[in-house]
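Data block below; observations after.
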Amino acid sequence: MADTDSLVAQAIEASKKAYVPYSHFPVGAAVKTKDGRIFTGCNIENTSFGLTICGERTAIFKAVSAGCTELAEIAVYGQTKKPVSPCGACRQVMAEFFAPSSKVTLIAEDGLTVAMTVEDLLPYSFTDLT
Ligand code: THU
């Protein structure tokens, strides 16, 4: 699908901006909002390692901070042999802003992709405080 191909290309491009002096592991993400806007992000590390933010959350928080809280699709690229696997924190943040059936495309360093949903990544997620 052309839309997804474009998100994949933008996720790869976003990884080039990663600030990764400690892990040397760049990650890029591209998010499409329900109204068709695209936001990209990369991982940004810190000498106090716990302050690092992942590429996925950078892209999602950029969208939300621009007023887009309803997100439709995400692509994530990492220099991994198998398509990169988002961390638990990013999965929980995805569950907040994407519908469970939203498409997630994960991309390996050689371009191999796998498609799944937000619910596949985080089944039975905690989403409701009421
Ligand atoms: N990282 C991401 O950006 N996304 C993930 O889903 C997993 C890990 C980053 C965090 C850190 O900068 C580096 O990859 C190594 O863990």
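These numbers come from the heavy atoms of this one structure, side chains and all, not from hydrogens, waters or symmetry mates. Atoms within a ligand are numbered from 1 in the order they appear, just like the ligands themselves.
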Notebook entry, point to check: Any donor and acceptor pair, going by atom type alone, linking the side chain of Ser48 with main-chain N or O of Gly50 inside 3.5 Å?
Noted result: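 Between the backbone of Gly50 and the side chain of Ser48 there is no qualifying donor-acceptor contact (under 3.5 Å).
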
Next item on the list: State whether the side chain of Asn43 and the backbone N or O of Pro26 hold a donor-acceptor pair below 3.5 Å, judged by distance alone.
Entry: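 Absent.
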
For ligand 1, which atoms have a heavy atom of [X] less than 4.0 angstrom away?
X     : result
Pro86 : 6 (O)
Glu45 : 11 (C), 12 (O), 13 (C)
Ser23 : 13 (C), 15 (C)
Ser85 : 6 (O)

Can an N or O of [X] be found at a distance shorter than 3.5 Å from an N or O of ligand 1?
X     : result
Thr52 : no
Cys54 : no
Gly55 : yes

Notebook entry, point to check: Measuring from Asp5:CG to Thr113:OG1, what's the distance to the nearest 0.5 Å?
Noted result: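 Result: 8.5 Å between the selected atoms.
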
Notebook entry, point to check: What's the spacing between Phe98 CZ and Lys34 NZ if we round to 0.5 Å?
Noted result: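 Phe98 atom CZ to Lys34 atom NZ measures 11.0 Å (nearest 0.5 Å).
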
Next item on the list: Verify the distance criterion only: is there a donor paired with an acceptor across the side chains of Thr4 and Lys103 at less than 3.5 Å?
Entry: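 Yes, side-chain donor-acceptor contact under 3.5 Å.
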
Note to self: Between Glu45 and Ser23, is there a side-chain donor-acceptor contact under 3.5 Å, judged purely by atom types and distance?
What the structure shows: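 Note: Ser23 and Glu45 side chains meet the donor-acceptor criterion.
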
Counting non-hydrogen protein atoms only, what is the nearest one to [atom]? Give residue, atom name and distance.
atom                    : result
atom 4 (N) of ligand 1  : Glu56 OE1, 2.8 Å
atom 16 (O) of ligand 1 : Phe25 CD2, 4.7 Å
atom 9 (C) of ligand 1  : Asn43 ND2, 3.4 Å

Next item on the list: Start with the C-alpha gap between Ser6 and Asp3, add the side-chain angles, then the distance that decides, and say whether side chain to side chain donor-acceptor pair (under 3.5 Å) holds.
Entry: CA-CA 5 Å; Ser6 166; Asp3 248 20; over 6 Å; no

Margin query: Please determine whether any non-hydrogen atom of Cys90 lies less than 4.0 Å from an atom of ligand 1.
Written below: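 It does not; every heavy atom stays at 4.0 Å or beyond.
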
Next item on the list: Evaluate the side-chain proximity of Glu119 to Ser101: yes if any heavy-atom separation is below 4.5 Å, no if none is.
Entry: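 In short, these two side chains do not touch, never coming nearer than 4.5 Å.
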
